[in-house]
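Proteins get letters first, then strands, A, B, ... in listed order; numbering begins at 1 in each. None of the values given here were measured: they were computed from a predicted structure.
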2 protein chains.
Amino acid sequence: MGKKRVTLADVARLAGLSTTAASMILTGRPDTRLSPEAHKKVHDAAASLGYRPNVAARALRTDKSRSIAFISDYVATTRFASGLIRGALSAAEQAKHVMLVLETGGEPAREIQAVETALDRQVDGLIFAAMRAREVFVPDLAINVPVVMLNGTSARFPISVLPAEYEGGRRAVELLVSSGITKDIVLLGHNAKQEEGLFRSETISRRFMGIRDAMADAGLTFAAELSCWNWEPNFGYDLTRKLLKTQRPRALLCLNDRLAFGAYQALGEAGIRTPEDVALVSFDNDELASYLRPGLTTIGLPHEEMGSRAVELLLAPSRIPQTNLIDMPVVMRGSLPHNCS
Amino acid sequence: MGKKRVTLADVARLAGLSTTAASMILTGRPDTRLSPEAHKKVHDAAASLGYRPNVAARALRTDKSRSIAFISDYVATTRFASGLIRGALSAAEQAKHVMLVLETGGEPAREIQAVETALDRQVDGLIFAAMRAREVFVPDLAINVPVVMLNGTSARFPISVLPAEYEGGRRAVELLVSSGITKDIVLLGHNAKQEEGLFRSETISRRFMGIRDAMADAGLTFAAELSCWNWEPNFGYDLTRKLLKTQRPRALLCLNDRLAFGAYQALGEAGIRTPEDVALVSFDNDELASYLRPGLTTIGLPHEEMGSRAVELLLAPSRIPQTNLIDMPVVMRGSLPHNCS
DNA sequence: CCGCTTTGCTAAATCCATTTAGCACATGCT
DNA sequence: AGCATGTGCTAAATGGATTTAGCAAAGCGG
């Protein structure tokens with residue numbers, strides 16, 4: 001049975017050198033004094049035997065496993081998750097790390113489990129991802145590896161990656177303005193007065209601020225602000241229908257694509273055309289947005305980039321505490337009128 | 001610095017026993033002859049020190065790591081992926097395993113990388129997941145751990161988990177029939193004659209067969225079969241628009257929810273009501289399906305269950321080669337007329 | 001009381017790579 | 001020649017668990 005794996009000792013034997021030499025050469029130590037011939041012999045031997053280091057043995061010795069844990073509250077529920085995971089995955093792959101994915105459902109018991117499981121496996125870092133940006137509960141365990149908060153924040157761990165919501169909010173308004181729309185703009189999904197004191201999340205409030213500041217800068221006010229807590233299509237639909245009974249907006253600034261989706265449905269039923277009659281801008285760049293007719297112009301949530309940035313920060317040698325804001329790209333589609341200015 | 005982790009030796013020392021004893025007790029060996037008092041002492045010591053075994057050390061010795069690798073072609077691109085991952089994750093958690101997620105983009109080089117990486121880490125099993133069901137390329141490496149194919153098949157690895165498409169196909173037709181619809185049914189997304197010889201995938205052809213058999217059993221034929229290769233909303237829209245120019249169907253049997261989405265758009269524009277004028281049934285149970293108005297009745301792809309089944313099979317002691325067909329549930333919403341029979 | 005089995009437990013080897021400490025030889029300088 | 005320095009390499013310890021082989025004491029039958 002040639003079944004056993006090739007070990008470093010086998011390589012060393014074939015190369016006619018010690019395992020010490022083989023180890024130093026294969027791990028590429030810098031100030032080793034081994035001869036070029038030794039290097040060649042070891043590399044050749046390793047290649048011809050198809051040597052692959054035993055990660056467990058290496059981890060045992062070095063306390064590093066070239067792996068990171070991605071601990072998130074929900075992985076499936078949302079279109080968000082996969083973008084974050086995918087981004088993280090690709091950055092991890094680039095850095096020759098693997099990624100353990102753990103889901104906690106937001107339950108403290110499972111969070112503790114997840115952290116312990118990860119730490120048991122000598123992960124080199126932890127990413128706490130939240131599907132809705134917020135202050136994240138992190139179990140109160142001794143964590144002796146770097147931590148990055150992804151799409152969330154934590155007082156204990158000051159490095160976080162968030163979308164640049166303020167700027168994104170501004171952009172949505174600027175898009176409207178530069179399309180020549182300066183009145184009868186309705187905000188769909190939030191009403192500042194009604195929601196006074198209610199807190200949605202870290203990031204969403206920044207989105208609101210960006211929107212409000214940009215409106216003020218342009219000297220505009222909303223014709224109406226329609227509040228709803230869950231930004232799901234049916235609410236967008238209901239709100240828009242109700243709106244259309246009393247007024248005819250020129251534009252809908254929707255707080256996410258699902259609301260916009262509902263709005264499309266209500267507008268469609270009412271025989272109102274987009275963008276000729278009513279223009280729309282929205283947030284997220286959901287898969288949905290590209291399915292709509294006309295395509296929905298939206299300020300995208302940069303999930304993949306956030307995911308990969310999180311991993312890069314985690315693995316970076318100098319990790320400066322700070323919140324990293326990732327740019328929210330404007331995704332132009334057809335829901336705004338062309339401006340010929 | 002009490003920083004160092006607690007080791008088994010520490011536990012043994014506190015319990016006043018050997019590490020051998022501690023190990024045997026904590027791993028719950030069956031036919032050990034250690035006394036009940038010894039058991040208690042070791043467990044107490046472990047608890048009071050907060051002992052957690054070093055997984056790397058254990059893996060080194062036993063060649064088992066309580067981890068599995070989930071190797072998929074695409075994780076983000078599709079709504080499918082997260083369901084599969086989530087299901088797998090929860091089954092893994094239940095079995096006290098962790099899951100490495102690896103993405104290959106379908107590129108052979110990355111597939112090889114992924115398998116080697118996984119094997120290097122002593123994973124206890126490999127899941128190859130395909131986002132589109134198909135015969136999957138598996139790199140020709142010596143793989144000495146169990147493998148399960150998820151949403152795909154491979155000649156080399158006979159254990160696979162697939163949706164029960166044939167039965168699902170039948171159900172879609174039966175739904176129509178039991179709603180009292182027996183004529184003017186149009187199949188959206190496939191035309192048997194035009195696509196003769198073209199192969200979409202393992203599973204989709206079974207869906208077709210189920211549909212055709214059920215139609216035949218009910219003595220029905222399609223009023224039209226509209227072919228298109230990519231089942232995306234815009235094709236559903238175009239096809240439906242074209243269809244409506246020449247005929248008025250009673251029902252659309254859509255081959256997936258995205259096509260159905262496009263069909264909704266075309267129907268809406270034409271002022272045709274669902275389900276009164278045209279009924280729809282579809283496949284997948286995409287997130288989309290619940291957003292539509294009325295909700296889309298669809299035969300769901302059981303992603304989560306597939307994912308967890310794959311892990312269960314992987315970890316099951318007796319692994320019988322076979323393809324495991326997971327039931328596709330009927331998800332009733334409002335796109336079929338109520339039948340008062 | 002002797003020899004045999006059972007009970008309860010442990011010493012030491014093992015898994016494999018990394019790393020510390022240091023050996024043997026060559027070279028350079030005075 | 002004598003000593004320091006540099007060069008090229010290795011023996012052995014190490015990390016933390018599991019596992020094999022086996023020891024000492026107690027129990028039992030005759």
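Taking 4.0 Å as the cut-off between side-chain N and carboxylate O, A/R5 and B/D120 count as a salt-bridged pair.
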Show, in sequence, the C-alpha distance, side-chain angles and deciding distance for A/L162 and A/N324, and conclude whether the side-chain contact (heavy atoms from CB on, under 4.5 Å) test is met.
CA-CA 6 Å; A/L162 297 171; A/N324 296 265; over 6 Å; no
Determine, step by step, whether A/L26 and A/H43 satisfy the side-chain contact (heavy atoms from CB on, under 4.5 Å) criterion, reporting the C-alpha distance in whole Å, the side-chain angles of both residues, the deciding distance to 0.1 Å, and the verdict.
CA-CA 7 Å; A/L26 289 177; A/H43 279 123; 3.7 Å; yes
Starting from the C-alpha separation in whole Å, work towards a yes-or-no answer on salt bridge (charged side-chain N to carboxylate O under 4.0 Å, His left out) for B/K41 and B/D44.
CA-CA 5 Å; B/K41 280 192 289 183; B/D44 287 355; over 6 Å; no
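Taking five base pairs at each end of the helix from C/dC1-D/dG30 to C/dT30-D/dA1 and finding the rotation axis that steps the C1' atoms of four pairs onto the next four gives two axes whose angle is 50°, to the nearest 10°.
A donor-acceptor pair under 3.5 Å links the side-chain atoms of A/R66 to the main chain of A/K96, judged by distance alone.
Nucleic acid contact for A/L17: sugar-phosphate only, since backbone atoms but no base atoms lie under 4.0 Å from a heavy atom of the residue. No engagement by B/A59 is indicated, since no non-hydrogen atom pair under 4.0 Å with the nucleic acid exists.
Spacing between atom NZ of B/K41 and atom C1' of C/dC9 amounts to 11 Å, rounded to whole angstrom units. Distance, B/K40 NZ to C/dG8 P: 18 Å, rounded to whole Å. Rounding to whole angstrom units, CG of residue A/L34 and C1' of D/dT7 are separated by 10 Å.
Residues that satisfy the salt bridge (Lys or Arg N to Asp or Glu O under 4.0 Å) test with A/E305, not counting sequence neighbours, are absent from this structure.
In this structure, A/R121 places its CZ atom where more than 12 heavy-atom neighbours from other residues, nucleotides or ligands lie under 6.0 Å away. The 12-atom threshold is not exceeded at CD of B/Q94, counting heavy atoms of other residues, nucleotides or ligands nearer than 6.0 Å.
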A correct 5'-to-3' footprint of nucleotides 12-22 of chain D, with B, S and - meaning base, sugar-phosphate only and no protein heavy atom under 4.0 Å, is BBBBBBBBB--
